[in-house]
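What follows is a set of notes on a single structure, which appears directly below.
Residue numbers run from 1 in the order of the sequence given. The analysis underlying the following values was restricted to heavy atoms, covering all of them including side chains, and did not include hydrogens, waters or symmetry mates.
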Amino acid sequence: MKSDCNPILITGSSGLIGSEVVSYFAAHDIRVHGVDNNQREVFFGAAGSTRWNQQRLTKHFSAFTHHELDIRDRDDVLGLIQSLRPAAIVHTAAQPSHDRAAAIPFDDFDTNAVGTLNLLEAARRFCPEAPFVHMSTNKVYGDAPNQLPLVELATRWEFGGAPWTEGIPESFTIDQSKHSLFGASKVAADVMVQEYGRYFGMPTCCLRGGCLTGPSHSGVELHGILGYLIKCNLESRPYTVFGHKAKQVRDNIHAWDVASFIAAPRIAEVYNLGGGKANSISMMEAFRLIESISGKPMIYQYSETAREGDHIVYYSDLRKMQTHFPGWRVTRDLATIFQEIHDSWQERQLSLT
Ligand SMILES: NC(=O)c1ccc[n+]([C@@H]2O[C@H](COP(=O)([O-])OP(=O)(O)OC[C@H]3O[C@@H](n4cnc5c(N)ncnc54)[C@H](O)[C@@H]3O)[C@@H](O)[C@H]2O)c1
């Protein structure tokens, strides 16, 4: 799929995952069109702005074209997809925060659920053969993973044993648990993406992300946990941990490993895409790791109140992905990911002084 073919369309192209996917394809000399209206700044304030990343992509890649378009605008979405007839669509635009959603339920649902429907229907009308890859989330499982038997270790919570020793599989229930409004709007999108695959025979695919991370995140307190944590450490600012004795566990995957998977998705499928057990870390362990890299103490305060619907332990069971795509693997371990984010924040700090 070189420059003479129809382009690839990436929504949320200025965000963490979107920008990595743009870079991945544009570096392979493939024409990429991106859609982003910097809504992240509206959701999270100036620190959430992704404009810097859009400008970086435009500067670096001649194969990249930016469209300042809101995916909630149905006519604009239909018009763009009709004119581009993209060879593939990678949909990463979203209201991505669990906690922010409760304050902005209409914006959250209109972006996550209705925006996804706008794109799916446009794809069905104008490019039904094009693979449609949707970034979904582990929050579609709601807080049901918290009902599993857990054990408390010195620095982390862990799953109590089989059959969860490798993490949460795609067959896990998405029903009858607390999701947060964000989780619910993402369930709507996830099921709609699957339905356009099953009902219309379109090549759609859902990737249910664990913690996706990397230096291109405009990390803020409500989203982009590692980026924000490392920024707090570097700036000696207090980080607030909410509940679970700071032993809650997440699996982290670098955005590049997500982008490299998107290059060859199997169609009409659902995958859990995270760092897996090997890249899982608790808050307490994350504090120690960043301290060992930066040499600065992590300042934090503890709130007894856990976030609504928050997972106590979550890591992705990667076995389905690894069986379907034996060539794919997580290439960046936690130490590498932390170091990269640390270095990039330091560079950004230096460029401001
Ligand atoms: N980052 C994570 O830890 C994580 C984890 C699981 C799933 N996901 C999912 O992956 C996807 C990408 O996440 P991310 O971390 O890159 O988010 P991000 O906020 O960094 O990027 C999303 C981009 O979409 C844009 N956007 C939002 N609403 C828009 C709209 N209405 N029209 C056009 N553009 C709009 C934003 O401006 C932003 O640049 C999301 O669907 C998210 O739910 C992320």
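Taking hydrophobic clusters as Ile, Leu, Val, Met, Phe, Trp and Tyr residues chained together by side-chain heavy-atom distances below 4.5 Å, I104 does not share a cluster with I71. Under a hydrophobic-cluster definition in which Ile, Leu, Val, Met, Phe, Trp and Tyr are linked whenever side-chain heavy atoms come within less than 4.5 Å, directly or via other members, L273 and V21 are assigned to the same cluster. The hydrophobic clustering, which links ILVMFWY residues whose side-chain heavy atoms are closer than 4.5 Å, places I230 and M298 together. Side-chain heavy atoms closer than 4.5 Å link hydrophobic residues (I, L, V, M, F, W, Y) into clusters, and following such links, possibly through other members, connects M321 to I253. Note on M202: it clusters hydrophobically with L9, by side-chain heavy-atom contacts below 4.5 Å among ILVMFWY residues.
Going from atom CG of N272 over to atom CD of E166 covers 13.0 Å, rounded to the nearest 0.5 Å. Distance CZ/F338 to CG/D333: 10.5 Å, rounded to 0.5 Å. Rounded to the nearest 0.5 angstrom, N233 CG and H342 NE2 are separated by 7.0 Å. Note: F106 CZ to L181 CG = 11.0 Å, rounded to the nearest 0.5 Å. For the atom pair L84 CG and F126 CZ, the distance stands at 11.5 Å (nearest 0.5 Å). With rounding to the nearest 0.5 Å, the separation of CZ in R250 from CD1 in I312 is 9.5 Å.
Side-chain contact between E121 and R125 is present, with heavy atoms from C-beta onward closer than 4.5 Å. Inter-residue side-chain proximity for Q346 and L234 is flagged as met; some heavy-atom pair is nearer than 4.5 Å. Looking at H324 and Y271, their side chains come closer than 4.5 Å, going by heavy atoms from C-beta outward. When side chains are defined from C-beta on, M283 counts as touching L229, because their heavy atoms get closer than 4.5 Å. A 4.5 Å side-chain heavy-atom check between F182 and R100 finds every atom pair outside the cut-off. Looking only at side-chain heavy atoms (C-beta outward), E340 and P215 come within less than 4.5 Å of each other. Contact annotation: the side chain of L80 approaches that of H67 to within less than 4.5 Å [non-hydrogen atoms, C-beta and beyond]. You'll find the side chain of E195 stays beyond 4.5 Å of the side chain of T204, heavy atoms only.
Under the side chain to side chain donor-acceptor pair (under 3.5 Å) test applied with S185, the options N112, T116, D110 reduce to a single match, N112. With V77 as reference, N118 is the one residue of L120, L117, V35, N118 to meet the side-chain contact (heavy atoms from CB on, under 4.5 Å) rule.
When every heavy atom of C127 is checked against every heavy atom of I89, the shortest pair comes out as SG-CD1, 4.1 Å. Of all heavy-atom pairs spanning G274 and V330, the tightest one is O-CG2, 4.0 Å. Contact record, R156 with S282: CB-CB, 3.7 Å, taken as the closest heavy-atom pair. Of all heavy-atom pairs spanning P203 and P128, the tightest one is CD-O, 3.3 Å. The shortest heavy-atom contact between R51 and N38 is NH2-CB, 3.6 Å. Here the shortest heavy-atom pairing between P96 and R40 reads CG-NH1, 3.7 Å.
Panel note: side chain K277, backbone T165; a donor-acceptor pair is recorded below 3.5 Å. A side-chain donor-acceptor contact under 3.5 Å links N279 to the backbone of R332. Q194 places no side-chain N or O within 3.5 Å of a backbone atom of V270 that could act as its donor or acceptor partner. The closest donor-acceptor contact from the side chain of H254 to the backbone of W256 lies under 3.5 Å. With S260 contributing its side chain and D257 its backbone, the two residues share a donor-acceptor pair below 3.5 Å. Under the 3.5 Å distance criterion, the side-chain polar atoms of T155 are left unmatched by any main-chain donor or acceptor of M284. Side chain of S292 to main chain of L289: a donor-acceptor pair is present (N/O by atom type, distance under 3.5 Å, no hydrogens or angles). Panel note: side chain W345, backbone G227; a donor-acceptor pair is recorded below 3.5 Å. Counting only distance, with no hydrogens or angles, the side chain of K245 and the backbone of W157 share no donor-acceptor pair below 3.5 Å. Counting only distance, with no hydrogens or angles, the side chain of N6 and the backbone of P86 share no donor-acceptor pair below 3.5 Å.
Under 3.5 Å, the side chains of Q322 and R319 contain no donor-acceptor pair of N or O atoms.
Relative orientation of the H311 and Y314 rings is parallel, given thresholds of 30° and 60° on the angle between their planes. Taking the six-membered ring where tryptophan is involved, the planes of F172 and W164 are perpendicular, since the angle between them exceeds 60° and thus also 30°.
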Verdict with supporting geometry, R329 and L318, side chain to side chain contact (heavy atoms under 4.5 Å, CB included) | CA-CA 9 Å; R329 66 189 177 86; L318 298 176; over 6 Å; no
Any chance you could lay out the side-chain hydrogen bond (donor to acceptor under 3.5 Å, both in side chains) test for N252 and T213, step after step, and finish with the verdict?
-> CA-CA 7 Å; N252 293 276; T213 191; 5.4 Å; no
Tell me, with the steps shown, if S19 and T50 meet side chain to side chain contact (heavy atoms under 4.5 Å, CB included).
-> CA-CA 10 Å; S19 63; T50 53; over 6 Å; no
Determine, stepwise, if the pair N53 / S14 fulfils side-chain hydrogen bond (donor to acceptor under 3.5 Å, both in side chains).
-> CA-CA 5 Å; N53 211 12; S14 314; over 6 Å; no
Could you give me the CA-CA distance, side-chain angles and deciding distance for V187 and H179, then say whether side chain to side chain contact (heavy atoms under 4.5 Å, CB included) is met?
-> CA-CA 9 Å; V187 167; H179 290 78; 3.8 Å; yes
Report the C-alpha distance between E170 and Y141 in whole Å, list the side-chain angles of each, state the deciding distance to 0.1 Å, and finish with yes or no for side chain to side chain contact (heavy atoms under 4.5 Å, CB included).
-> CA-CA 9 Å; E170 293 79 357; Y141 299 116; 4.3 Å; yes
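Salt-bridge annotation for E285 and R288: absent, with no side-chain N of the basic residue lying under 4.0 Å from a carboxylate O of the acidic one. A salt bridge links E152 with K247; the closest basic N to acidic carboxylate O contact falls under 4.0 Å.
Counted within 6.0 Å of CZ on R74, heavy atoms from surrounding residues, nucleotides or ligands total 12 or fewer; the atom is thus considered open. Residue-environment remark: CD (E129) stays at or below the threshold of 12 foreign heavy atoms within 6.0 Å. The environment of Q176 atom CD is sparse: at most 12 non-hydrogen atoms of other residues, nucleotides or ligands sit within 6.0 angstrom. Within 6.0 Å of CE on M192 lie no more than 12 heavy atoms contributed by other residues, nucleotides or ligands.
Residues that satisfy the ring-ring contact (aromatic ring centres under 6.0 Å, His included) test with Y196, not counting sequence neighbours, are F200. Taking D99 as the reference, R307 meet the salt bridge (charged side-chain N to carboxylate O under 4.0 Å, His left out) condition, with sequence neighbours excluded.
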Considering only distance and modelled atom types, tabulate donor-acceptor pairs under 3.5 Å from the side chains of residues 133-140, sequence neighbours left out.
unit_1	atom_1	unit_2	atom_2	d
S136	OG	D190	OD2	2.7
T137	OG1	K139	N	3.0

